[in-house]
There are 2 protein chains.
Amino acid sequence: MVKARLSGQERRRQIIEAAADLFSRKGFRGTTTRQVAEAVGVCEATLFKHFATKEELYAAIIEAKAQTQEILTGAVPAARAGDDAGVLRTLAREMIARVKADPTLMRLLFFSALEGHVLSDMFFRSRFQQVEDFLSRYLGERMAAGAFRTVDPIQATWNFIGMVAYHLLLRELFGRKGPAHLTTERAVEEMVSVFLQGVRRP
Amino acid sequence: MVKARLSGQERRRQIIEAAADLFSRKGFRGTTTRQVAEAVGVCEATLFKHFATKEELYAAIIEAKAQTQEILTGAVPAARAGDDAGVLRTLAREMIARVKADPTLMRLLFFSALEGHVLSDMFFRSRFQQVEDFLSRYLGERMAAGAFRTVDPIQATWNFIGMVAYHLLLRELFGRKGPAHLTTERAVEEMVSVFLQGVRRP
DNA sequence: TCATGGGAAGTGAGTACTTACTCACCAGTG
DNA sequence: CACTGGTGAGTAAGTACTCACTTCCCATGA
């Protein structure tokens with residue numbers, strides 16, 4: 001039973017949450033305000049009390065998702081300790097965990113990009129910029145220290161992120177699982193392993 | 001000036017082409033039959049002479065795109081010659097070239113997956129299955145031969161494809177370019193390089 | 001060569017339904 | 001009481017698709 005009357009703030013939050021789920025499954029044009037209203041358990045007109053337009057609701061959702069930025073708390077200690085594998089492993093794990101924790105995240109990221117949404121770029125950056133900056137800086141330092149081959153740190157970063165992202169795409173968008181023994185943990189270990197060995201100075 | 005009257009076959013082909021472009025930019029629900037008709041230069045009713053429904057048109061497009069399967073002509077000679085770098089380089093180049101040759105390809109792949117289209121799985125497989133099979137088999141052979149570390153060939157394959165796919169995603173969907181010196185050629189070489197070194201037996 | 005018929009391609013107008021949003025009013029709470 | 005949250009009914013525009021008809025083209029026969 002949905003509570004009949006909430007504060008404006010609370011109702012907004014509820015609408016955003018329900019709509020995020022729908023938008024992530026059907027995209028902007030594929031989601032009707034009627035569906036959103038039903039999911040929330042209110043009248044369609046109520047949505048428009050809180051958001052002037054459907055567009056404004058979508059933008060509010062993207063902004064909310066972008067707000068939950070990737071925080072690199074876990075990888076910093078490993079970086080300080082010069083624990084290469086620890087850095088990579090933690091980054092990969094955190095990226096994967098974020099997506100698992102919020103199933104709408106990746107789908108909304110891709111839907112908004114495909115739809116050419118004005119906030120798409122900001123959304124993407126909120127998800128990847130910190131990881132990119134952190135890892136490319138770390139790789140650059142390790143190269144300067146002679147531990148890694150000298151390659152472009154950005155490119156190397158993209159290569160690593162690419163492995164993680166593809167892993168997520170296969171599962172979240174394309175419903176691929178692979179052989180049963182390929183757990184996420186094993187997948188992460190192999191990514192870390194192939195990448196680390198690949199960038200080491202021979 | 002659009003020719004006023006074409007054979008049924010030719011008109012179908014023309015509609016599919018114009019609609020593919022629109023669907024790849026706006027998705028299914030975001031593309032109206034009116035827009036398609038205008039892009040083709042015919043009356044809306046004409047579309048429905050050739051396709052019973054909008055859905056049928058979309059399916060025809062996906063099927064057409066799936067038909068242009070990845071053909072692995074280039075990598076086979078390199079595989080025979082045991083030219084590891086050649087195999088990987090050729091695969092990456094061909095994947096990238098395909099997407100560049102048809103800008104609708106990747107966008108339609110992702111739109112249809114996000115939209116949960118019944119043909120999405122088939123579409124995905126048409127694009128990746130052969131590369132996956134080919135490369136995982138090749139990697140398996142190289143592992144058996146002692147040249148590569150023993151890891152799961154599927155996982156290793158996904159890691160490599162992930163790097164290529166992310167490169168494409170950044171450019172085709174997210175409009176990212178990276179530093180100017182990062183040409184596609186350089187990117188491919190680094191992917192091949194990090195991967196090869198990463199899977200070599202230490 | 002020309003005329004005719006049939007089949008297929010194509011159109012303008014319209015239909016029925018869908019969709020985002022508004023309006024006038026009601027209900028709840030401090 | 002005043003303000004804010006919420007509703008049922010409705011509106012205007014959008015959308016996929018149909019209908020009744022026209023046009024074109026090719027094959028055939030005279």
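Just so we're clear, the structure is a prediction, and the values are computed from it rather than from any experiment.
Of the side-chain N and O atoms in B/Arg11, one or more sit less than 4.0 angstrom from OP1 or OP2 of C/dG10. Residue A/Arg29 has a polar side-chain atom (N or O) positioned under 4.0 Å from OP1 or OP2 of D/dT15. The side chain of B/His50 places no N or O atom within less than 4.0 Å of a non-bridging phosphate oxygen (OP1 or OP2) of C/dA8. The side chain of B/Thr33 places an N or O atom within less than 4.0 Å of a non-bridging phosphate oxygen (OP1 or OP2) of D/dA16.
Exactly one of B/Gln129, B/Arg137, B/Gln130 qualifies for a side-chain hydrogen bond (donor to acceptor under 3.5 Å, both in side chains) with B/Asp133. That residue is B/Gln129.
You won't find any donor-acceptor pair under 3.5 Å spanning the side chain of A/Arg5 and the base of C/dT29, going by distance alone.
Nucleic acid contact class of B/Thr32 (heavy atoms, under 4.0 Å, all strands): sugar-phosphate only.
Of the candidate nucleotides C/dC21, D/dA16, D/dG6, D/dG6 has the atom nearest to the side chain of A/Leu6.
The shortest non-hydrogen separation linking B/Gly86 to B/Thr90 is O-OG1, 2.6 Å.
With B/Ser120 contributing its side chain and B/Gly116 its backbone, the two residues share no donor-acceptor pair below 3.5 Å.
Distance CD (A/Glu38) to P (C/dA20): 12 Å, rounded to an integer number of Å. Atom CG of B/Leu47 and atom P of D/dT18 are 12 Å apart (whole Å). Between the CD atom of B/Glu44 and the P atom of D/dG14 there is a distance of 13 Å, rounded to whole Å. In this structure, B/Phe51 atom CZ and D/dT18 atom C1' are separated by 18 Å, rounded to whole Å. Per the geometry, CZ belonging to B/Phe48 stands 15 Å off C1' belonging to C/dA13, to the nearest Å.
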Quiz item: Checking side chain to side chain donor-acceptor pair (under 3.5 Å) for the pair A/Thr157/A/Glu132: CA distance, chi angles, key distance, verdict?
Solution: CA-CA 6 Å; A/Thr157 296; A/Glu132 270 185 28; over 6 Å; no
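Comparing B/Lys49 and A/Ala45 by the nucleotide of DNA chain C whose heavy atom lies nearest to each, the residue mapping closer to the 5' end is B/Lys49.
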